[in-house]
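This is a predicted model, so every value here is computed, not measured.
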Amino acid sequence: MNATPRIIAAEAHPLPDVLVSPFGNEVPTSRIRDDILFRHQTANALVEAAMGLNAELRARKEQFFADVDAFIDLTLERYNARLGGRRGGVVIANFSETMKVEVSTSDYLRVNEAITAAQALMNEVLDDVGEGASDDVRTLLANASCVTKRPAG
């Protein structure tokens with residue numbers, strides 16, 4: 001058997017008397033097959049471990065950005081300079097430039113229903129004004145207000 005300590009511990013973890021099915025039904029664990037119970041215990045153990053890892057990554061990321069902010073603040077202090085805003089980026093490299101850290105900061109704006117309504121009105125105006133225009137101009141006008149979809153994730 002090639003079980004990891006997490007899987008061994010998951011299998012040994014006591015089960016409640018009742019589990020809730022995907023349909024919301026309460027099912028006594030005595031009526032559930034052993035392989036399904038083992039899968040349930042393993043899934044819970046893996047998700048619990050992933051949530052712990054996620055919390056650790058969040059904490060390290062916050063510390064990382066605090067370190068970068070401290071570096072920027074100390075650099076500005078050394079040069080007696082002020083920073084106008086936090087947008088932009090910074091590159092921190094070692095002397096030989098074999099290792100570097102790049103941090104970019106930008107604004108992210110969400111489109112709401114007012115923007116969608118404005119686009120519809122603008123398209124109506126462009127249709128009226130664009131009559132008789134060449135296909136290239138019509139394509140340019142049609143694409144002027146295209147929303148760039150941000151990938152999920």
Side-chain angles (χ1 to χ4, degrees), residues 1-16 19-24 32 34-127 129-130 133-153:
M1 183 184 212
N2 194 17
T4 63
R6 185 183 339 271
I7 300 305
I8 293 169
E11 191 172 24
H13 193 271
L15 286 164
L19 292 177
V20 178
S21 76
F23 306 106
I32 302 172
D34 286 343
D35 62 317
I36 295 173
L37 292 174
F38 180 55
R39 186 179 312 120
H40 169 80
Q41 291 169 307
T42 302
N44 285 345
L46 292 174
V47 168
E48 185 178 314
M51 289 172 59
L53 181 60
N54 186 23
E56 176 70 22
L57 285 173
R58 186 180 314 112
R60 287 184 183 240
K61 185 177 178 181
E62 288 172 0
Q63 183 58 56
F64 177 84
F65 283 111
D67 292 344
V68 170
D69 286 342
F71 171 79
I72 292 169
D73 290 343
L74 288 172
T75 302
L76 292 172
E77 186 178 303
R78 287 182 182 178
Y79 289 98
N80 200 20
R82 289 181 310 177
L83 192 61
R86 285 292 186 192
R87 282 190 307 211
V90 64
V91 176
I92 304 170
N94 67 349
F95 182 73
S96 62
E97 295 188 4
T98 56
M99 291 185 274
K100 69 179 177 180
V101 174
E102 295 182 36
V103 178
S104 299
T105 307
S106 63
D107 289 336
Y108 175 69
L109 304 174
R110 294 185 185 266
V111 176
N112 65 19
E113 69 283 349
I115 297 293
T116 306
Q119 286 175 332
L121 290 172
M122 189 172 82
N123 287 338
E124 287 179 21
V125 171
L126 292 176
D127 285 343
V129 173
S134 71
D135 288 340
D136 292 335
V137 172
R138 289 175 90 36
T139 301
L140 180 66
L141 294 174
N143 291 332
S145 63
C146 283
V147 176
T148 303
K149 303 244 182 207
R150 184 176 185 205

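- In terms of heavy-atom proximity, Ala49 sits nearest to Arg6 at CB-NH1, 3.1 Å.
- By the side-chain contact (heavy atoms from CB on, under 4.5 Å) test, Ser104 is found to be paired with no residue, residues two or more places apart in sequence or in another chain being considered.
- Remark: Glu56 engages Arg60 in a side chain to side chain donor-acceptor pair (under 3.5 Å) (not counting sequence neighbours).
- In this view, Val90 and Val68, Ile72, Ile92, Val103 satisfy the side-chain contact (heavy atoms from CB on, under 4.5 Å) rule, not counting sequence neighbours.
- Every residue two or more places apart in sequence or in another chain was checked for a side chain to side chain donor-acceptor pair (under 3.5 Å) with Asn54, and none qualifies.
- In this structure, Glu77 has no salt bridge (Lys or Arg N to Asp or Glu O under 4.0 Å) partners at least two apart in sequence or on a different chain.
- Using a 4.5 Å cut-off on side-chain heavy atoms (C-beta onward), Ile36 and Arg39 make contact.
- Contacts of Lys61 classified as side chain to side chain donor-acceptor pair (under 3.5 Å), with partners at least two apart in sequence or in another chain: none.
- Using a 3.5 Å distance cut-off with no hydrogens or angles, the side chains of Gln63 and Asp67 do pair a donor with an acceptor.
- His40 has its side chain within reach of Leu15: a pair of non-hydrogen atoms, C-beta onward, lies under 4.5 Å apart.
- With Gln41 contributing its side chain and His13 its backbone, the two residues share a donor-acceptor pair below 3.5 Å.
- The OG1 atom of Thr42 sits 7.5 Å away from atom CD of Glu11, with the distance rounded to the nearest 0.5 Å.
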